[in-house]
Amino acid sequence: MSDLVAPRLRFAPSPTGYLHVGGARTALFNWLLARRTGGTFLLRIEDTDKARSTDDSTRAIFEGLRWLGLDWDEEVVFQGANLPRHQADAAALLARGRAYRCFCTPEEIAERRAAAEAAGGAFAYDRRCDHLPAAEVERRVAAGTPFVVRFRVPAGETAWDDLVHERISFPNKDIDDFVILRSDGTPIYNLAVVSDDIAMRVTLVMRGDDHISNTPKQIMLYEALGAPLPRFAHLPMIHGTDGKKLSKRHGATAVGDYQHLGILAPAMVNFLALLGWSPGGDFEEVMTLDQLVHAFSTDGLLRKASVFDPKKLEWMNGQHLAKLPIHEVEALVAPHFARAGYATVDELSARRDWFHHLLEQLRVRARLVDELVAQAAPYFGETVAYAPDAVAKQWKDPAAVRPLLAAVRETLEAHLDWNPVMMEEAMRALADAKGVGAGKLLQPLRVALVGTAASPGIFDVMVLLGRDRTLRRIAAAEARLAEMAAA
RNA sequence: GGCGGUAUCGUCUAGGGGACUAGGACACAGCCCUCUCAAGGCUGGAACACGGGUUCGAAUCCCGUUACCGCUACCA
């Protein structure tokens, strides 16, 4: 890592779907290293596959990165715009004799491949077009015969010192003379990537380890093009709970899915950072983006694929929800409250002290923003919905509960000073006077106030609700209990 | 099939020859706290894939086996 001085890194997704958690993690590591070392983080959209690339996907990638807080340096590069250079590089390779035209049709290749496989062997292009006399090649080109350009793989071995795997090497004999330019003149992935990485002066290529077998081909291309080699770092994959590559079968796989599920961006980033990387030793797992930047190093990169555990992500989210400065939580969740129809963001900020108090009470009890929003319902509006299970348990004997709640209401009505200490003293005194435990009073009261069996401390609930609304809700509960007793 | 990669609790991981009766976190179970639910604290069960080496000594080094993953396109 000591030789990584201000590296130029890039994240190069193809816009054929939403920003996947695996891609997000790759982007994150590139970004983290760039920010840690004072390097540069570039973004390139690999849209050369026109059939599968969409503008929607491109937008989703931008939005996903922005949501995570991963900002990129310099202008976004669209690979499709570099077609002329890709073709020029292919032509240069042809001119230098490092590549050759191949007139074999896709059908012929497929046939030979099938035959080789039927014979139990592996197919390898036999270089027959490389042996064509120059005059014959000229004749076919002049005649307009379609051709692809193949790279002539030299003899020997191709190896590199991977930042995560150390030395990896491939005997060149196992690598086919791969196509670099299609018959329609467009470049194949490996050529486009190398051409662009050279043009963008990328010095460290950090990507998924599914690219390991592309790497020797790319290294040969760099050498043939006379360009300096970048360093390579191949990150392990992220798998689903069943150990298989993450896919829709595993539920949410796009970062946008988690955003909508109520995961906070800092939690998502924190969770992703710890998949395939570790600061080493004993460390606090809950970290801010800033702490991640300071702790990040390629030394901590792991080789083993990891399993994406949604349970731990939720836990992580709960941790961030509970630890973030309250104003940040407000900014993050207020829009969700607005969407739930409770109040507008402006209305909430107009009652900021109250809202912060509410969030303080709710945030340790929720893991997802959606849960928090759902739990906030009783604090907005006049009425509450009584949950059947809570009613069945705490209002089991309506005839006995009603007078208790009436006594609670009367006691509270006698106090004008609406503070939790006073209320608690009064309630405990009342329980004593009635000869019951505090729970016998407070649990039915909780149902009356929020409609559920679980909530923040009941005295905080009353403060949050306010004196008048609290008293009205108790009265409403008494009425309801009277109906139940009569039924 | 060929080539490449990987292998520590169910999961994320610490570990770089003796400090390992293998540590932490998530999840799970129990207890404490307590007006409920969370949060928090404590406790518990739970792993070095297998077989050979090397060494006085191996989770750590080497080889093999097995399993899993990736690549093997005129996809990226």
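Chain A is the first sequence line, chain B the second, and so forth, proteins listed ahead of strands; every chain is numbered from 1.
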Checklist outcome for this item: Whichever of Arg113(A) and Pro456(A) has the more 5' nearest nucleotide on RNA chain B, that residue is Pro456(A)
Next on the checklist: Judged by each residue's nearest nucleotide on RNA chain B, which is more toward the 5′ side, Asp174(A) or Asp209(A)?
Outcome noted: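 Here Asp174(A) is the residue nearer the 5' end.
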Checklist entry - Can you tell me if Asp162(A) uses its side chain to pair, donor with acceptor, with the backbone of Val164(A) under 3.5 Å? => result yes
Next on the checklist: So does Arg231(A) get a backbone contact from the side chain of Trp160(A), meaning a donor-acceptor N/O pair under 3.5 Å?
Outcome noted: no
Item to check | Aromatic contact, Phe29(A) with Phe296(A) (centres under 6.0 Å) | outcome: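 Yes.
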Next on the checklist: Between Trp315(A) and Phe271(A) (judged by ring centroids, cut-off 6.0 Å), do the two rings come close enough to count as a pair?
Outcome noted: no
Taking the [atom1] atom of each, how far is [N] from [M], in whole Å?
N: C62(B); M: C74(B); atom1: P; result: 37 Å
N: G53(B); M: G10(B); atom1: P; result: 28 Å
N: C12(B); M: A27(B); atom1: P; result: 15 Å
N: G52(B); M: U66(B); atom1: C1'; result: 14 Å
N: U60(B); M: C20(B); atom1: C1'; result: 11 Å
N: A47(B); M: G5(B); atom1: P; result: 30 Å
N: C9(B); M: C48(B); atom1: C1'; result: 10 Å
N: A76(B); M: G70(B); atom1: C1'; result: 14 Å

My understanding is that a pair needs two contacts under 3.5 Å, Watson-Crick or G-U wobble. By that rule, which nucleotide pairs with [N]?
N: G40(B); result: C32(B)
N: U65(B); result: A49(B)
N: C20(B); result: none
N: G1(B); result: U72(B)
N: G10(B); result: C26(B)
N: U54(B); result: none

Interface polar pairs with nucleotides 39-49 of chain B, N/O, under 3.5 angstrom:
{"unit_1": "G40(B)", "atom_1": "OP1", "unit_2": "Gln319(A)", "atom_2": "NE2", "d": "3.3"}

Atom pair distance, as rounded to whole Å: [atom1] in [X] and [atom2] in [N]:
X: Ile219(A); N: G4(B); atom1: CD1; atom2: P; answer: 15 Å
X: Asn172(A); N: G4(B); atom1: CG; atom2: P; answer: 12 Å
X: Arg446(A); N: C35(B); atom1: CZ; atom2: P; answer: 10 Å
X: Phe78(A); N: A76(B); atom1: CZ; atom2: C1'; answer: 16 Å
X: Asp210(A); N: U72(B); atom1: CG; atom2: C1'; answer: 13 Å
X: Lys311(A); N: C28(B); atom1: NZ; atom2: C1'; answer: 11 Å
X: Asp432(A); N: C35(B); atom1: CG; atom2: P; answer: 12 Å
X: Ile212(A); N: G4(B); atom1: CD1; atom2: P; answer: 12 Å

Contacts under 3.5 Å, N or O only, protein and nucleotides 9-16 of chain B:
{"unit_1": "C12(B)", "atom_1": "OP1", "unit_2": "Val307(A)", "atom_2": "N", "d": "2.9"}
{"unit_1": "C12(B)", "atom_1": "O2'", "unit_2": "Leu274(A)", "atom_2": "O", "d": "3.1"}
{"unit_1": "U13(B)", "atom_1": "OP1", "unit_2": "Gly276(A)", "atom_2": "N", "d": "2.5"}
{"unit_1": "A14(B)", "atom_1": "O3'", "unit_2": "Gly281(A)", "atom_2": "N", "d": "3.2"}

I'd like to know if [X] and [Y] make a salt bridge, using a cut-off of under 4.0 Å between side-chain N and carboxylate O.
X: Glu424(A); Y: Arg428(A); value: yes
X: Arg128(A); Y: Glu108(A); value: no
X: Arg150(A); Y: Asp130(A); value: no
X: Asp126(A); Y: Arg112(A); value: yes

Would you indicate what [X] reaches in the nucleic acid, counting non-hydrogen atoms under 4.0 angstrom: base, sugar-phosphate, or nothing?
X: His165(A); value: sugar-phosphate
X: Phe459(A); value: base
X: Val179(A); value: sugar-phosphate
X: Asp176(A); value: nothing
X: Phe170(A); value: sugar-phosphate

Item to check | Leu191(A): which of Asp89(A), Asp196(A), Val149(A), Val179(A) passes side chain to side chain contact (heavy atoms under 4.5 Å, CB included) | outcome: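 Checked Asp89(A), Asp196(A), Val149(A), Val179(A) against Leu191(A); only one passes side chain to side chain contact (heavy atoms under 4.5 Å, CB included): Asp89(A).
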Checklist entry - Can you tell which of Leu404(A), Asp397(A), Val401(A) makes a side chain to side chain contact (heavy atoms under 4.5 Å, CB included) with Leu481(A)? => result Val401(A)
Checklist entry - Any side-chain N or O of Thr48(A) less than 4.0 Å from the OP1 or OP2 oxygen of A76(B)? => result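 It does, given that an N or O in the side chain of Thr48(A) lies less than 4.0 Å from OP1 or OP2 of A76(B).
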Checklist entry - Does OP1 or OP2 of A76(B) have a side-chain N or O of Arg182(A) closer than 4.0 Å? => result yes
Looking at the side chain of [X], which of [options] is the nearest nucleotide?
X: His239(A); options: C69(B), C75(B), C71(B); result: C69(B)
X: Ile458(A); options: C74(B), C35(B), G5(B); result: C35(B)
X: Gln443(A); options: A73(B), U36(B), A76(B); result: U36(B)
X: Ile168(A); options: G4(B), C74(B), A76(B); result: G4(B)

Item to check | With Tyr189(A) via ring-ring contact (aromatic ring centres under 6.0 Å, His included) - residues at least two apart | outcome: His211(A)
Checklist entry - Within 45° of the axis and under 6.0 Å from the centre of the six-membered ring of Phe147(A), does NZ or CZ of Arg140(A) qualify? => result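 Arg140(A) over Phe147(A) ring: no.
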Item to check | Side chains of Asp177(A) and Tyr100(A), donor plus acceptor under 3.5 Å | outcome: yes
